[in-house]
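Report on the following structure.
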2 protein chains.
Amino acid sequence: MDGLTINQAAATTGWSPRMLRYLESTGLVTPPRTASDYRIYGPGELQRLRTLRNLLDSQEIEISDVGFAQRMRSQPDLQSAVEGWLDAPIAPPEGVADTADWLRFEQDKHERLLALAGGAS
Amino acid sequence: MDGLTINQAAATTGWSPRMLRYLESTGLVTPPRTASDYRIYGPGELQRLRTLRNLLDSQEIEISDVGFAQRMRSQPDLQSAVEGWLDAPIAPPEGVADTADWLRFEQDKHERLLALAGGAS
DNA sequence: GGAACCTTACCACGCCTCTGTCAGGGTTGT
DNA sequence: ACAACCCTGACAGAGGCGTGGTAAGGTTCC
């Protein structure tokens, strides 16, 4: 044994043992195990637990948020998809000749939908 | 008026009017308003709504996740705090002479805590 | 001026997150 | 061998998210 058990780690970090297991289930802090499946918290894990607590306290964020950030880290396609959406301009796309044309097109579409819903014979 | 009303926008994007208002409350899609507070969805907002739907469908993601990503965008200190935590090494910090010393220190700390909890006279 | 639309503000429901607690069974240390 | 610890799995409850509905009141169009 070269590390703390879950209750010892809980006592020194301020997390409850339940939460340490929960954090492991989210993939945020994953301690190694002994041969008989006891969790072993080394200095690295303890540091990570303490700084995680600081992070959650200082910023207004939740565990699941950090989990999502980690997920974006490991899935580049997800990251590029999200950032692509965020970076997309709010301005209208070019290629439609005139705003008035576009507007008429969309409003007609709306009326077609209403017609479908209403007087479908 | 040079844009669609909320019901028209809902019909062409597939979102419900309720959800368009909800998305505005999360800050993800914020249409401008008329003088009498009607929401006006222009081509840009419609595009954004459709691509948001694509994003949520294609990736395994929730609205609040996108909201969090946007929040990290606009708050650089939050972003650096989260990424700093994610990038922190799992390895023990240097500076402690010996792992055995550290271990003894932490375990002693544990016992002090137990003593406080148990036999506080 | 009335129908059809828009606004905000609530209530409600199902699901998920976070957190605690407990039961049944295996492991460690003295 | 016995206390004290660890494991998993389950139930439970507070609170937030995503979504729908509905009511009371202003706006727009014919």
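Atom set for the values below is all heavy atoms of this structure, side chains included, hydrogens, waters and symmetry mates excluded. Order of the sequence lines fixes the chain letters, A, B, ..., with proteins taken first and strands second; residue numbering starts at 1 for each chain.
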Worksheet item: Starting at CD of A/Gln8 and ending at P of C/dT28, how long is that distance when rounded to a whole Å?
Response: 14 Å

Worksheet, complete the sentence: Taking for B/Ile6 and for A/Pro17 the nucleotide of DNA chain C with the nearest heavy atom, the one nearer the 5' end belongs to B/Ile6

Worksheet entry | Charged N-O contact under 4.0 Å between A/Arg73 and B/Asp87 | yes

Worksheet entry | Selection from C/dG26, D/dG18, C/dT7 that lies nearest to any side-chain heavy atom of B/Arg21 | C/dT7

Practice prompt. Round to a whole Å and report the spacing from CG of A/Asp65 to P of D/dG16.
Written response: 14 Å

Worksheet entry | A/Ala69 to B/Val82 - nearest heavy-atom pair and separation | CB-CG1, 3.7 Å

Fill in: Presence of B/Ser36 side-chain N/O under 4.0 Å of C/dT7 phosphate oxygens OP1/OP2
no

Practice prompt. May I have the distance from A/Leu20 (atom CG) to C/dC18 (atom P), rounded to whole angstrom?
Written response: 14 Å

Fill in: Length of the line joining B/Leu56:CG and D/dC17:P, which is rounded to integer Å
16 Å

Worksheet, complete the sentence: Correct closest heavy-atom pair for A/Trp85 and B/Thr51 would be NE1-OG1, 3.0 Å

Discussion item. What's the closest nucleotide to the side chain of B/Arg33 if the choices are C/dC18, D/dT19, C/dT8?
Written reply: C/dT8

Worksheet item: Expressed in angstrom and rounded to an integer, what is the separation of A/Tyr22 atom OH from C/dG20 atom P?
Response: 12 Å

Discussion item. Among C/dC18, D/dG18, C/dG20, which nucleotide has an atom closest to any side-chain atom of A/Arg18?
Written reply: C/dG20

Discussion item. Rounded to whole Å, please give me the gap between CD1 in A/Ile63 and C1' in C/dC16.
Written reply: 13 Å

Item to complete: Could you check whether B/Arg39 gets within reach of a base, just the sugar-phosphate, or nothing at all, counting any heavy atom under 4.0 Å?
Response: sugar-phosphate

Fill in: Salt-bridge contact A/Glu45-A/Arg50 (side-chain N to carboxylate O under 4.0 Å)
no

Discussion item. Less than 4.0 angstrom between a side-chain N/O of B/Ser16 and OP1 or OP2 of D/dG20, yes or no?
Written reply: yes

Worksheet item: Please give, in whole Å, the distance from C/dT7 C1' to B/Tyr41 OH?
Response: 12 Å

Item to complete: Using the closest heavy atom to pick a nucleotide of DNA chain D for each, name whichever of B/Ser64 or A/Glu24 lands nearer the 5' end.
Response: A/Glu24

Discussion item. Expressed as a whole number of angstroms, how long is the span from A/Tyr38:OH to D/dC5:C1'?
Written reply: 6 Å

Fill in: For the student: nearest non-hydrogen atoms of B/Ile6 and B/Arg39, plus distance
CD1-CD, 4.1 Å

